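Just below is one structure, and these are the notes that go with it.
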Amino acid sequence: MKLHELANYGLEVRGDCDINGVVSDNRDVKPGDLFAGVPGERVHGARFAQDAIDRGAAAILTDAAGLEHVPDGFPVVIATDVAGILGSVASLAYGEPTKHLRSFGVTGTNGKTTTAYMLEHILSKLGSTVGLIGTIALQIAGREVPAKLTTPQPADLQRFLSQLVHAGGSDVVMEVSSHALAQRRTDPIVYTVAGFTNLTQDHLDYHDTIEEYFEAKALLFSADKSQTSVLWTDDEYGSKLHERLLDEGRDVLWVGRTIRPGMGWQVEGDASFTLTGHGHDPAGAGLRNAVSHGDRADNVYECRTGLPGEFNVANAALAAAMVLAADIPGTRDAIADITPVVPGRMEVLAKRPRVIVDFAHNADALEKAMSSLREDTAGRLITLTGSAGDRDAVKRPIMGRVVAEGSDVFYLTDDDPHSEDPAKIRAEIRAGAEGLVEIVEIGDRAEAIHAAIADAKDEDTVLLAGRGHETIQDVDGVEIELDDRVEARAALARRHGQ
Ligand SMILES: CC(=O)N[C@H]1[C@@H](OP(=O)(O)OP(=O)(O)OC[C@H]2O[C@@H](n3ccc(=O)[nH]c3=O)[C@H](O)[C@@H]2O)O[C@H](CO)[C@@H](O)[C@@H]1O[C@H](C)C(=O)N[C@@H](C)C(=O)N[C@H](CCC(=O)O)C(=O)O
Ligand SMILES: Nc1ncnc2c1ncn2[C@@H]1O[C@H](COP(=O)(O)OP(=O)(O)OP(=O)(O)O)[C@@H](O)[C@H]1O
């Protein structure tokens, strides 16, 4: 792309050159790139313009304030909102990759990663070459890069999408965080299908109120961000969003155990469940996607998931309904079994005692994980968790109370303290749990895991919650290797005298 082409999009362009790619971190610059100097919360990215130029940047995109860091006469593009326009600029530079892809975006407080893996699993069975973007990793065509953010920054995202297209990709599945939506990281993507899992308290350090958090999530379902919406509506905010989208005349499908107005899918059963289509489209042709293939006249789909927990039925039903909404032939067989391997999500490491690693790190996820495990635990439910520092502190005593109410023994330990005093974080969690349950407080998480597993009887369940797939613990800027699954396996080996 030539730099001057950006003038067609209302941007002020000074000078001209060829642009090979777009990056917003100077350390990633390759010769011929457009370096975007984005004003951040900590630093104005344009401060790194000279280093980017030394690395071969062909031009700089920045705002009026950033211009002072750009040498006179160097090719430059000036925007008023660099972060907001960055995705569109990168999309143009990379040949508008999403025009060549079917795209699925999932948002919600809990279940994004799991639902995204389920979508990838179903689409792969349908013969698609799928890219997966989320908290754990970015995956394309068998290549995997660890993720820095749940939803990448705009230029990184568009570059990844273009690599996916070049690798022959047909579909992309993405987790879309509320931060990404508020910061317009996914612009200008218009998802083929957008899905909503649920909304409960989290991230109130970033969004001031839960309503603001909800409005950020709701952005994904506006006409400029998605074509069709599929919402899990057995959720206060899912049903609120559904009513809103129906009022706005948007293309929306509900999925849940309770029948709603408009078109949607009712879920019945547990791990093996049926999806039954309800409602009629305005043309009176029946459930839109159910009638488009001859084999779906009965509107009933038999599905199952091998992932434990009632919430995984919700995730599987949402994933299935999203693929149905995309109207891909062969979906009936592809959704019959929805059991992907999701790292650190209800991952079962041992059966006696049952040891499970799960990423639950807020009150709602903890409550749901514990109640689903409680049902088939003959002995005690031992829950081990902490809470990350420098993040939503309001949730800590609530998490403490939920763990106390849902388990028999509470191993209170550290998560990623970041720059906070870990003892203070533990005290805040403890405040919600004190007097309600037996608490064993051991700050060192590896030690706590070993103690919890040594303490367990064969009929007990040990839930190691909060860190899931994570392998690095950040203690005041020092990165320590810590993987709950590695520690649990070592503790199990020690227990079995190996
Ligand atoms: C609030 C937020 O989203 N912040 C993100 C933002 O940080 P910032 O505005 O402070 O940026 P900054 O550090 O001031 O830097 C400004 C610019 O200079 C650039 N820079 C900076 C330093 C340097 O040496 N060179 C350089 O080029 C940066 O790339 C950036 O473009 O841009 C940074 C660079 O990409 C991100 O690392 C950072 O994510 C922080 C670490 C973060 O924790 N984000 C979380 C809250 C987040 O986004 N989470 C959601 C998931 C939430 C969930 O559901 O669990 C996510 O999508 O990951
Ligand atoms: N539909 C759901 N409802 C409530 N809790 C869920 C649901 N799905 C998963 N969980 C719980 O939330 C945890 C996180 O799940 P998952 O990683 O799939 O969600 P996420 O939205 O990607 O989370 P995050 O954004 O924090 O990475 C799981 O380990 C599980 O305990």
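Atoms within a ligand are numbered from 1 in the order they appear, just like the ligands themselves. Keep in mind that this is a model prediction, so the values were computed, not measured.
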Any atom of ligand 2 sitting under 4.0 Å from a heavy atom of [X]?
X	answer
Thr115	no
Thr150	no
Asn198	yes

From [atom], work out which of [options] has a heavy atom at the shortest distance.
atom	options	value
atom 38 (C) of ligand 1	Arg42, His179, Arg47, Lys148	Arg42
atom 15 (O) of ligand 1	Val29, Asn110, Val43	Val43
atom 6 (C) of ligand 1	Glu41, Gln183, Gln153, His418	Gln153

**OP:** Mind checking ring pair (Phe, Tyr, Trp, His ring centres under 6.0 Å) for His69 and listing every partner two or more places apart, or none if nothing turns up?
**Re:** none
Original post:
Does Phe359 have any ring pair (Phe, Tyr, Trp, His ring centres under 6.0 Å) partners at least two apart in sequence or in another chain, and if so, which?
Top reply: His361, His469
Polar proximity ligand 2 side, [X] side, N/O cut 3.5 Å exclusive:
X	answer
Ala369	no
His361	yes
Asn315	yes

**OP:** Kindly say whether Gly344 contributes a backbone atom to a donor-acceptor pair with the side chain of Glu347 at under 3.5 angstrom?
**Re:** yes
Subject >> Side-chain donor-acceptor pair present, Thr135, Glu175, cut-off under 3.5 Å >> reply: yes
**OP:** Determine whether any heavy atom of Ser24 lies closer than 4.0 Å to an atom of ligand 1.
**Re:** yes
